[in-house]
Amino acid sequence: MSQDTDRTFPPFILQLPEWLTEYLTKTPTTFPTVDQRMTLMIELARLNVQYRTGGPFAAGVFTVDTNYLIAAGVNLVTSSHASIAHAEIVAITLAQQARHHHDLGAAHLPRHELVTSTEPCAMCLGAIPWSGVQRVSCGARDEDARAIGFDEGAKPLDWVETLETRGISVKRDIQRKKATQVLKDYLNNGGMIYNGGQNTQ
């Protein structure tokens with residue numbers, strides 16, 4: 001059956017890699033400092049490259065007051081055949097499902113922080129205000145991802161100020177050098193640069 005006439009409707013599933021769930025069972029549940037939280041995200045991004053389960057990105061959602069890890073996600077674009085399966089989207093979705101609420105900023109919930117190994121692309125930036133998180137902490141910069149060939153989309157130059165006017169604080173360059181090295185290692189090891197519209201068969 002041709003692709004144009006295939007009328008099957010598979011369930012919407014984003015399957016986390018087995019290594020990720022196994023790894024998280026062996027980690028602490030709380031990470032008191034932002035450096036500790038970023039160290040975890042950089043390691044998850046590195047492992048995602050090592051296990052070839054997606055792109056060189058990881059993100060997690062933590063409670064602001066207790067620094068408890070609610071959910072962690074890695075980039076699953078290539079393994080799930082879904083262009084929206086960026087680490088931030090995966091982590092936010094898992095956190096919302098864990099909280100049984102579509103808004104992590106709901107009045108009855110604690111405040112949440114999104115920690116991401118690389119600054120959000122245009123898609124993930126758009127998702128952040130709707131997610132309800134009140135803090136975003138980033139490792140590598142947008143230009144670090146672009147430097148290895150990723151298309152980060154049309155982001156406003158003042159994206160940080162745009163989030164902060166919405167009450168979402170932003171921290172940048174947390175262990176930027178280490179986070180950027182994961183990106184470089186991905187490229188040097190033949191990782192796929194999976195920008196939309198490319199003729200990648």
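The shown structure was predicted, so the numbers you read here are calculated from the model rather than taken from an experiment.
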Are side-chain heavy atoms of [X] and [Y] found at a separation under 4.5 Å?
{"X": "Pro110", "Y": "Arg99", "value": "yes"}
{"X": "Trp159", "Y": "Val170", "value": "yes"}
{"X": "Leu24", "Y": "Leu69", "value": "yes"}
{"X": "Ile174", "Y": "Asp35", "value": "yes"}
{"X": "Leu94", "Y": "Leu14", "value": "no"}
{"X": "Cys121", "Y": "Asp151", "value": "no"}
{"X": "Val182", "Y": "Phe57", "value": "no"}
{"X": "Pro56", "Y": "Phe150", "value": "yes"}

I need the [X] [atom1] to [Y] [atom2] distance, nearest 0.5 Å.
{"X": "Thr63", "Y": "His112", "atom1": "OG1", "atom2": "NE2", "answer": "6.5 Å"}
{"X": "Gln50", "Y": "Arg52", "atom1": "CD", "atom2": "CZ", "answer": "10.0 Å"}
{"X": "Glu152", "Y": "Asn195", "atom1": "CD", "atom2": "CG", "answer": "8.5 Å"}
{"X": "Ile70", "Y": "Leu114", "atom1": "CD1", "atom2": "CG", "answer": "12.5 Å"}
{"X": "Met41", "Y": "Thr118", "atom1": "CE", "atom2": "OG1", "answer": "12.0 Å"}

Q: Keeping to residues at least two apart or across chains, list the side-chain hydrogen bond (donor to acceptor under 3.5 Å, both in side chains) pairs with something in residues 78-96.
A: Glu88-Thr116
Q | Side-chain donor-acceptor contact under 3.5 Å, Tyr194 with Asn75 | A | yes
Q: Go through Leu40 and Gln36 one step at a time and tell me if the side chain to side chain contact (heavy atoms under 4.5 Å, CB included) criterion holds.
A: CA-CA 6 Å; Leu40 175 63; Gln36 290 173 330; over 6 Å; no
Q. Considering residues, nucleotides and ligands other than Lys178, do more than 12 of their heavy atoms fall under 6.0 Å from its NZ?
A. no
Partner set under side-chain hydrogen bond (donor to acceptor under 3.5 Å, both in side chains) for [X], not counting sequence neighbours:
{"X": "Asn189", "answer": "none"}
{"X": "Glu43", "answer": "Arg46"}
{"X": "Glu119", "answer": "Arg172"}

Between [X] and [Y], what is the shortest heavy-atom contact and its length?
{"X": "Ala72", "Y": "Ala91", "value": "C-CB, 4.3 Å"}
{"X": "Pro156", "Y": "Leu125", "value": "CD-CD2, 4.0 Å"}
{"X": "Leu183", "Y": "Ile148", "value": "O-CD1, 3.4 Å"}
{"X": "Pro32", "Y": "Asn67", "value": "O-ND2, 3.3 Å"}
{"X": "Ala154", "Y": "Ala122", "value": "N-CB, 3.8 Å"}
{"X": "Ala58", "Y": "Leu44", "value": "CB-CB, 3.7 Å"}

Q.
Just to verify, what does Gln15 make a side chain to side chain contact (heavy atoms under 4.5 Å, CB included) with, not counting sequence neighbours?
A. Ile13
(Q) For Ser169, is there any backbone N or O sitting under 3.5 Å from a side-chain donor or acceptor partner on Glu164? (A) no
Q: Group every Ile, Leu, Val, Met, Phe, Trp and Tyr by side-chain heavy-atom contacts under 4.5 Å, then state whether Val64 and Phe62 land in the same group.
A: no
Q. Among Ile84, Val74, Leu16, whose side chain to side chain contact (heavy atoms under 4.5 Å, CB included) with Val90 holds?
A. Leu16
Q.
Going by salt bridge (Lys or Arg N to Asp or Glu O under 4.0 Å), name the residues that satisfy it together with Arg146, two or more places apart in sequence or in a different chain.
A. Asp142
